[in-house]
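These figures come from a predicted structure and were not determined experimentally. Note on naming: letters A, B, ... go to the chains in the order of the sequence lines (proteins, then strands), and numbering restarts at 1 for each one.
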Amino acid sequence: MNPESTPSRDRRMSEHKLPSRAEDFAEWYNQLVLRAELADYAPVRGCMIVRPYGWALWENIQQALDKRFKATGHVNAAFPLLIPRSFLEREKSHVEGFSPELAVVTVGGGKELEEPLVVRPTSETIIGHAYAKWIKSYRDLPVLINQWNSVVRWELRTKLFLRTLEFFWQEGHTAHATYTEAAAETRQMLDIYTDFAVNEAAIPVIPGRKSDSERFAGADETYSIEAMMGDGKALQAGTSHNLGQNFSKAFDIRYLDRHGELQYCWTTSWGLSTRFIGAIIMVHGDDKGLALPPRLAPIQAVIVPIYKTDEERASVFETAQRIREELVANDIRAKLDERDGLTPGFKFNDWEMRGVPLRVEVGPRDVANGTVALARRDKPGKEGKSFVKQEGLVALVRETLAQVQQSLHQRALAFREANTQEPQGYDEFKSAVERGFARARWCGSRECEAKIKEETKATTRCIPFDQTGDEGACIYCDKAARERVIFARAY
RNA sequence: CGGGGCGUAGCACAGCCUGGUAGUGCGCUCGGUUUGGGACCGAGAGGUCGGAGGUUCGAAUCCUCUCGCCCCGACCA
C-alpha cells in the first residue's frame with residue numbers, strides 16, 4: 001500500500017499475520033488456537049488449558065447438545081474419575097483397546113494402593129457397575145444417562161483440541177431391554193450429532209458405520225460422523241456405539257422381563273468431545289483466522305467504535321452502547337470493544353482473527369447520519385461491508401447472522417464436494433486421497449483395508465448409510481463389493 | 001520407542017565457531033501526537049542464558065552428563 005514501506009515495517013506486518021493455510025496448515029492451526037486465545041499449552045506435555053474464549057465456545061456446544069439430549073429423554077449425572085483397574089479388565093476387547101493409554105494411580109495418601117486406580121479413559125465400566133446395581137426389572141428400563149466430564153488417554157502425539165491427554169466431552173450411556181431399542185438409540189444419537197453439526201456448527205458431515213478395525217474397543221457396532229477439514233483430511237466429529245450385551249455380560253447388568261426370566265441388557269454409549277472445536281477451526285477458518293458459526297460463536301456481533309477527539313469518543317460510545325444494549329436485549333451476543341489506544345484497523349483484524357461473525361462499526365459520521373457499517377466475517381473486505389440505518393438494526397443483524405450461518409455451511413459443503421472423488425481405479429484412488437475423500441468400493445476385508453492404509457496412509461472413515469446397493473469391484477482387490485466407503489487421511 | 005530440530009526477557013530470535021559490559025524486534029508500562037482496514041515518537045520495566053558438573057583468572061560461548069519442548073514415523077475421540 002505505502003511505497004515507502006520499509007523492510008522493518010513489512011516484518012512487523014508479517015508478525016501480525018498467520019502462516020497461510022496453503023503453506024503450512026498445521027502451523028496455521030497451532031498459531032490460530034494460541035492467538036485467538038482459545039487454548040494454551042499446560043506445563044504437562046500433551047495437556048491443554050482451555051481459555052475463556054475457547055470455553056465459551058464449548059459452553060455453547062454443550063447447550064446445543066444438552067438441549068437435544070434432554071428433549072429425547074436423557075438426564076445428566078456424574079460418575080467418578082477413578083476406576084478400579086480390575087473393572088477395565090472385565091471386558092476383553094475393552095482392556096486390549098485401552099490398556100496402552102491408561103494413566104494409573106498407584107499411591108494415595110502417601111501409601112501404595114492395594115489395587116491401582118485408573119483415571120477414566122471413558123466410563124463404560126464404572127457406569128456398567130452402577131447399572132448392575134440399579135437395574136432389576138424391565139420396569140427400570142430404559143436407563144438414559146449422560147455425563148459432561150473429562151477423560152484421560154495417554155496419547156503419544158498430541159495437538160491442541162484434536163488430541164490431548166485430557167479432553168472434555170460428554171458421554172452418554174444407556175441400557176435397554178431389547179436389541180432393537182438399543183440399535184434405535186445408537187442411531188438416534190448419531191442423528192442428533194448430525195443435526196447438531198449441520199445446523200449449529202454449519203459443518204456438513206457424513207454419517208456412517210465404522211469398519212471392524214476402526215470400531216470402539218468393546219462395541220458390536222460403531223457409528224460416526226465424518227467431516228472434511230480445510231486441508232482435505234477427515235476428522236471423526238462424533239461417535240455412537242451399540243455395545244450389544246458385551247458390557248452387560250461383563251458387569252452383570254440384568255433385568256427380569258415380564259415373563260419372569262432374567263435377561264442381559266443391551267447398552268449403548270455415545271460421545272462428542274472438545275475435538276469438535278478443532279473441527280470448527282479447521283472447517284471454517286481462513287487465512288485471516290477463525291470464522292465461527294453464529295449459532296455457536298461466543299460473540300456474535302462486535303461493535304467497534306471509531307473516534308478522534310474526546311467529544312467524538314463520548315458521542316460514539318453513547319450510540320455504540322445503546323446499540324449493544326438493544327442487541328443484547330434481543331438475545332444477540334454482542335460486545336462493545338472499549339479498548340482505548342488501538343486503531344480501528346487493528347481491532348477489525350483482531351476480531352476477524354477471533355472469528356466473530358459480524359462487526360458493527362460506529363463512527364462520528366454514523367452518529368450524525370443515524371447509520372452504522374456492518375461487516376460480515378464470511379466475506380472479507382469491502383464485499384462484506386454495508387452501510388445501514390441504525391433503525392431496524394436488530395432485525396437486520398439477526399437476519400445477517402442467519403445468512404452467515406448459511407453461507408459457512410454452503411462453503412464447507414462446496415469444498416467437501418469439490419474434494420471428494422469416486423475413483424475408477426487404484427491410481428485415481430491414490431491421487432484422490434492426496435487431497436480429499438475417496439468414495440470407493442471395498443470388499444470388507446481387513447487385508448485390503450490394511451494394505452490401502454500402508455500404501456496411501458488413507459483409512460476407512462465410515463461406510464455411509466446412503467448406498468446405491470448395486471454391486472461392483474473392490475478398489476484394491478477387484479473382488480465383489482457392494483458397499484462404497486469413505487477413504488481419507490485422518491486426524 | 002526410533003529419526004530430526006530447538007532450549008538466551010512474555011513471544012520471535014541474534015550472540016556461541018574465535019571465552020572478557022547479555023543484545024535486537026514485537027509485546028508490556030508511562031508521556032505525547034494519532035485513530036473509517038494491522039499508527040508514530042520519546043522514556044522505562046523486564047534475564048539464576050533449561051539444569052548439574054567440569055576446564056579456565058574469567059563460561060551464554062569450550063567439554064561431560066542430564067531434563068524439557070517441538071516436528072516426522074508405529075496407537076487414538
Side-chain angles (χ1 to χ4, degrees), chain A residues 1-2 5 7-18 24 26-27 30-31 34-35 40-46 96-101 121-122 150-159 161-171 193 210 213-217 222 224-227 234-241 269-279 288-289 304-310 312-313 316 339-353 359 361-367 371-373 375 380-382 384-385 387 453-454 457 459 490-491:
Chain A
M1 29 183 263
N2 181 356
S5 279
S8 84
R9 184 185 158 81
D10 290 345
R11 192 168 345 108
R12 238 174 294 137
M13 289 292 292
S14 71
E15 277 166 11
H16 286 291
K17 279 222 172 90
L18 290 164
D24 191 345
E27 192 52 27
N30 285 338
Q31 285 198 27
L34 297 175
R35 289 168 61 167
D40 202 350
Y41 292 103
V44 175
R45 176 198 70 89
E96 284 168 3
F98 281 108
S99 58
E101 50 186 54
T122 177
S150 70
V151 291
V152 169
R153 298 178 189 178
W154 216 262
E155 301 290 350
L156 301 177
R157 289 193 55 197
T158 59
K159 199 172 173 73
F161 288 118
L162 296 180
R163 193 177 298 107
T164 46
L165 297 201
E166 180 190 17
F167 61 87
F168 297 86
W169 71 346
Q170 56 68 218
E171 47 176 329
Y193 289 150
K210 282 290 194 185
S213 65
E214 296 279 331
R215 201 190 298 131
F216 175 73
T222 288
S224 71
I225 52 172
E226 300 287 331
L235 183 82
Q236 180 174 320
T239 48
S240 185
H241 312 292
S269 69
W270 27 275
L272 186 145
S273 76
T274 37
R275 164 180 262 203
F276 200 90
I277 293 176
K288 292 171 88 64
V304 177
I306 297 154
Y307 51 86
K308 292 189 175 70
T309 64
D310 281 353
E312 281 179 355
R313 183 180 189 280
V316 163
R339 292 176 294 177
D340 263 320
L342 293 175
T343 63
F346 180 90
K347 291 181 177 179
F348 296 168
N349 286 286
D350 194 43
W351 291 112
E352 279 168 5
M353 191 266 294
R359 182 177 66 242
E361 304 170 15
V362 182
R365 291 206 297 271
D366 297 306
V367 173
T371 57
V372 297
K382 279 195 185 124
K385 210 152 166 172
F387 300 89
K453 182 177 180 181
E454 199 183 305
K457 292 183 188 157
T459 53
Y491 277 100

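- B:C57 and B:G15 are spaced 28 Å apart, taking the P atom of each and rounding to whole Å.
- One atom, CZ of A:Phe346, and another, P of B:G37, lie 15 Å apart when rounded to the nearest Å.
- No hydrogens or angles were tested; on distance alone, nothing pairs the side chain of A:Lys382 with the base of B:G37 as donor and acceptor under 3.5 Å.
- In the displayed structure, A:Lys385 atom NZ is contacted under 6.0 Å by more than 12 heavy atoms of other residues, nucleotides or ligands.
- Nucleotide B:G38 forms a pair with no other nucleotide shown, judged by Watson-Crick or G-U wobble geometry with both contacts under 3.5 Å.
- A:Gly363 comes within contact range of at least one nucleobase, with a heavy-atom separation under 4.0 Å.
- Listed for the A:Asp366 side chain is a donor-acceptor partner under 3.5 Å among the backbone atoms of A:Gly363.
- For B:G38, the OP1/OP2 oxygens have no side-chain nitrogen or oxygen of A:Thr343 closer than 4.0 Å.
- Looking at which nucleotide of RNA chain B each of A:Glu155 and A:Glu27 is closest to, the 5′-most match is held by A:Glu27.
- Counting all heavy atoms, side chain and backbone alike, A:Val316 lies closest to A:Pro364 at CG2-N, 3.7 Å.
- When both distances must be under 3.5 Å, the Watson-Crick or G-U wobble mate of B:A12 is B:U24.
- If you check B:C65 for Watson-Crick or wobble pairing at under 3.5 angstrom, you find it paired to B:G51.
- Across all strands, A:Arg359 comes closer than 4.0 Å to base atoms (heavy-atom distances).
- Neither OP1 nor OP2 of B:C75 sits under 4.0 Å from any side-chain N or O of A:Arg157.
- Looking at A:Trp351 and A:Val304, their side chains come closer than 4.5 Å, going by heavy atoms from C-beta outward.
- Counting non-hydrogen atoms under 4.0 angstrom, A:Leu162 reaches a base of the nucleic acid.
- Taking a pair to require two hydrogen-bonding distances under 3.5 Å in either a Watson-Crick or a G-U wobble arrangement, B:A59 remains unpaired.
- Taking atom CD of A:Glu96 as the reference point, atom C1' of B:C76 lies 16 Å away to the nearest angstrom.
- B:A74 makes up no base pair with any nucleotide shown, lacking Watson-Crick or G-U wobble contacts both under 3.5 Å.
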